[in-house]
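Notes follow the structure.
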Amino acid sequence: MLVTSGKARLFALVAVAILSSAPRARANINDYEFRLVEAQFKTGQAIVSVSLVHKPDDKPAPNAVIFATRLDMAPDGMESMTSMIEPAPSPDPGVYRFQVDLTDAGTWRISLAAKVQGESGTLQSRLILKVAP
């Protein structure tokens with residue numbers, strides 16, 4: 001059987017259509033989570049470390065872009081009670097650090113929003129800190 005150039009083109013187009021419609025092996029943004037390295041603090045200035053992990057294999061996820069942060073006392077019913085939170089350098093891949101000012105004892109919440117490299121969607125997380133006097 002002789003394949004003409006027209007048949008070859010048609011075959012190539014069909015192959016491309018089939019391959020492009022095949023599901024891609026990408027993780028889901030829900031396969032990632034932030035975890036506190038430590039959850040107990042004393043009032044005052046502190047460094048809070050948060051690890052970002054890929055849950056299926058429990059490996060760190062470096063190079064995420066954290067574009068929104070908030071620190072408040074919402075768990076104690078005082079969402080309007082906010083405090084300073086700023087990024088701080090981290091020596092470990094997949095660990096993100098924040099300089100915070102824990103002005104009062106109680107329960108604080110850190111809210112984070114991030115983009116994970118190679119994934120679509122936004123990872124949002126709320127982590128709870130316990131602060132003693």
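Any value given below was found using the heavy atoms of this structure, including those in side chains, with hydrogens, waters and symmetry copies removed.
The distance from atom CH2 of W108 to atom OG1 of T43, rounded to the nearest 0.5 Å, is 10.5 Å. In this structure, I66 CD1 and Y96 OH are separated by 6.0 Å, a value rounded to the nearest 0.5 Å. In this structure, L71 CG and L102 CG are separated by 6.0 Å, a value rounded to the nearest 0.5 Å. We find the CD-CG distance between Q117 and N63 to be 5.0 Å, quoted to the nearest 0.5 Å. Expressed to the nearest 0.5 Å, how far CD of E79 lies from CG of D72 amounts to 5.5 Å. The structure places CZ of R70 at 6.5 Å from CZ of R109, a figure rounded to the nearest 0.5 Å.
Under the side chain to side chain donor-acceptor pair (under 3.5 Å) criterion, E38 pairs with no residue, sequence neighbours left out. A search for side chain to side chain donor-acceptor pair (under 3.5 Å) contacts involving D104 returns nothing, not counting sequence neighbours. Residues forming a side chain to side chain donor-acceptor pair (under 3.5 Å) with K42 (at least two apart in sequence, or on another chain): none. Applying the side chain to side chain donor-acceptor pair (under 3.5 Å) criterion to Q99, with sequence neighbours excluded, gives Q45.
When all heavy atoms are compared, the tightest approach of T122 to K115 is OG1-NZ, 2.9 Å. The two residues P93 and P60 have their closest heavy-atom pair at O-CB, 3.7 Å.
Side-chain atoms of D57 come within 3.5 Å of backbone N or O of K59 as a donor-acceptor pair. No donor-acceptor distance shorter than 3.5 angstrom exists from the side chain of D76 to the backbone of M73, with no hydrogens or angles considered. Using modelled atom types, no side-chain atom of Y32 and backbone atom of E119 make a donor-acceptor pair closer than 3.5 Å.
A single hydrophobic cluster is seen to contain both V50 and I29, as judged by linkage of ILVMFWY side chains at heavy-atom distances under 4.5 Å, directly or through other members. With hydrophobic clusters built from ILVMFWY side chains whose heavy atoms lie under 4.5 angstrom apart, V37 does not share a cluster with L112. In the hydrophobic clustering of ILVMFWY residues, with side-chain heavy atoms under 4.5 Å counting as a link, L123 and V53 come out apart.
Here the side chains of R97 and P91 are in contact, with some heavy-atom distance below 4.5 Å.
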Do any side-chain atoms of residues 125-133 form donor-acceptor pairs under 3.5 angstrom with protein atoms, and if so which ones, sequence neighbours left out?
none

Could you list the donor-acceptor pairs under 3.5 angstrom formed between side-chain atoms of residues 83-90 and any protein atom two or more places apart in sequence or on another chain?
{"residue": "S83", "atom": "OG", "partner": "D101", "partner atom": "O", "Å": "2.3"}
{"residue": "S90", "atom": "OG", "partner": "D92", "partner atom": "N", "Å": "3.4"}
{"residue": "S90", "atom": "OG", "partner": "D92", "partner atom": "O", "Å": "3.4"}
{"residue": "S90", "atom": "OG", "partner": "V95", "partner atom": "O", "Å": "2.8"}

>> For L36 and V48: C-alpha separation, side-chain torsions, deciding distance, then whether side chain to side chain contact (heavy atoms under 4.5 Å, CB included) applies.
In response: CA-CA 8 Å; L36 285 170; V48 175; 3.8 Å; yes
